[in-house]
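What you see is a predicted model, and the numbers here were worked out from it, not measured in a lab.
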Amino acid sequence: MIISWFMSLQSKIEKIVPKDKLMHFCIGLLLAQLAYLSLWFIVLPLFVGVVKELYDKYIRKTGFNWLDLLATVFGIMPVLVIILFR
């Protein structure tokens, strides 16, 4: 029952949030986990996100997408909140 509930929730999220934005969020969240080692690592996902968007703009020629960068920043937020309130 719980597994079917999670699968239902996953399909609802996939319909609302584009897969690209979800990937940016997840990468931001995963890279932000390094901030538990040192708070300086909290800038790593932001740096990687900016470099990726610059790569998209100048190499792939698809343009700089601010919403992708924002999704990456949203991925950083849960880790930052946990670090600040512990």
Side-chain angles (χ1 to χ4, degrees):
M1 177 168 163
I2 292 194
I3 293 174
S4 64
W5 181 81
F6 277 115
M7 296 302 285
S8 171
L9 181 62
Q10 178 184 353
S11 64
K12 288 178 184 176
I13 290 172
E14 288 173 351
K15 288 178 184 173
I16 296 171
V17 180
K19 191 174 247 182
D20 179 51
K21 303 300 183 264
L22 194 55
M23 291 297 292
H24 279 272
F25 178 85
C26 290
I27 295 298
L29 183 65
L30 288 173
L31 289 175
Q33 300 295 315
L34 292 171
Y36 291 118
L37 301 174
S38 172
L39 193 55
W40 287 104
F41 280 116
I42 203 72
V43 297
L44 181 64
L46 184 60
F47 175 76
V48 170
V50 169
V51 168
K52 196 267 184 202
E53 292 308 315
L54 289 173
Y55 171 80
D56 286 349
K57 180 176 182 177
Y58 294 111
I59 306 297
R60 291 180 64 204
K61 306 289 187 202
T62 57
F64 193 99
N65 190 331
W66 288 100
L67 294 177
D68 285 350
L69 191 58
L70 185 63
T72 305
V73 170
F74 281 153
I76 299 169
M77 294 302 170
V79 174
L80 191 59
V81 167
I82 290 170
I83 288 173
L84 292 176
F85 286 106
R86 70 175 162 141

Check: S11 side chain, S8 main-chain N or O, donor-acceptor pair, under 3.5 Å: yes
N65 and D56: CA distance, side-chain angles, deciding distance, side chain to side chain contact (heavy atoms under 4.5 Å, CB included) verdict: CA-CA 8 Å; N65 190 331; D56 286 349; over 6 Å; no
To check you understand the geometry: which heavy-atom pair defines the closest contact between Y36 and I83, and what is its length? CE2-CG1, 3.8 Å
Kindly indicate, with the supporting measurements, whether the criterion side chain to side chain contact (heavy atoms under 4.5 Å, CB included) is fulfilled by I27 and T72. CA-CA 7 Å; I27 295 298; T72 305; 5.9 Å; no
So CD1 of I42 and CZ of F47: to nearest 0.5 Å the spacing works out to 15.5 Å
Please say yes or no: joined through hydrophobic side-chain contacts below 4.5 Å, possibly via intermediate residues, are V50 and V43 part of one cluster? yes
Test of understanding: clusters of I, L, V, M, F, W, Y form through side-chain heavy atoms closer than 4.5 Å, transitively. Do F25 and L31 belong to the same one? no
Indicate if W40 and L37 have the same hydrophobic cluster label, given that clusters are the connected sets of ILVMFWY residues with side-chain heavy-atom separations under 4.5 angstrom. no
Side chain proximity check, K52 to R60, heavy atoms < 4.5 angstrom: yes
Might you point out which heavy atoms bring I76 and A32 nearest each other, and give the distance in Å? CA-CB, 4.1 Å
Find out if a path of hydrophobic residues (ILVMFWY) with successive side-chain heavy-atom gaps under 4.5 Å connects L54 to V73. yes
Does any pair with a residue in residues 48-75 pass ring-ring contact (aromatic ring centres under 6.0 Å, His included), and if so which ones, sequence neighbours excluded? F64-W66
Are L29 and L70 in one and the same hydrophobic cluster, where Ile, Leu, Val, Met, Phe, Trp and Tyr link if side-chain heavy atoms are under 4.5 Å apart? yes
Quick one, E53 with D68, criterion side chain to side chain contact (heavy atoms under 4.5 Å, CB included). Give me CA distance, side-chain angles, the key distance, then yes/no. CA-CA 8 Å; E53 292 308 315; D68 285 350; 3.2 Å; yes
Rounded distance (nearest 0.5 Å) linking atom NZ of K19 with atom SG of C26: 11.0 Å
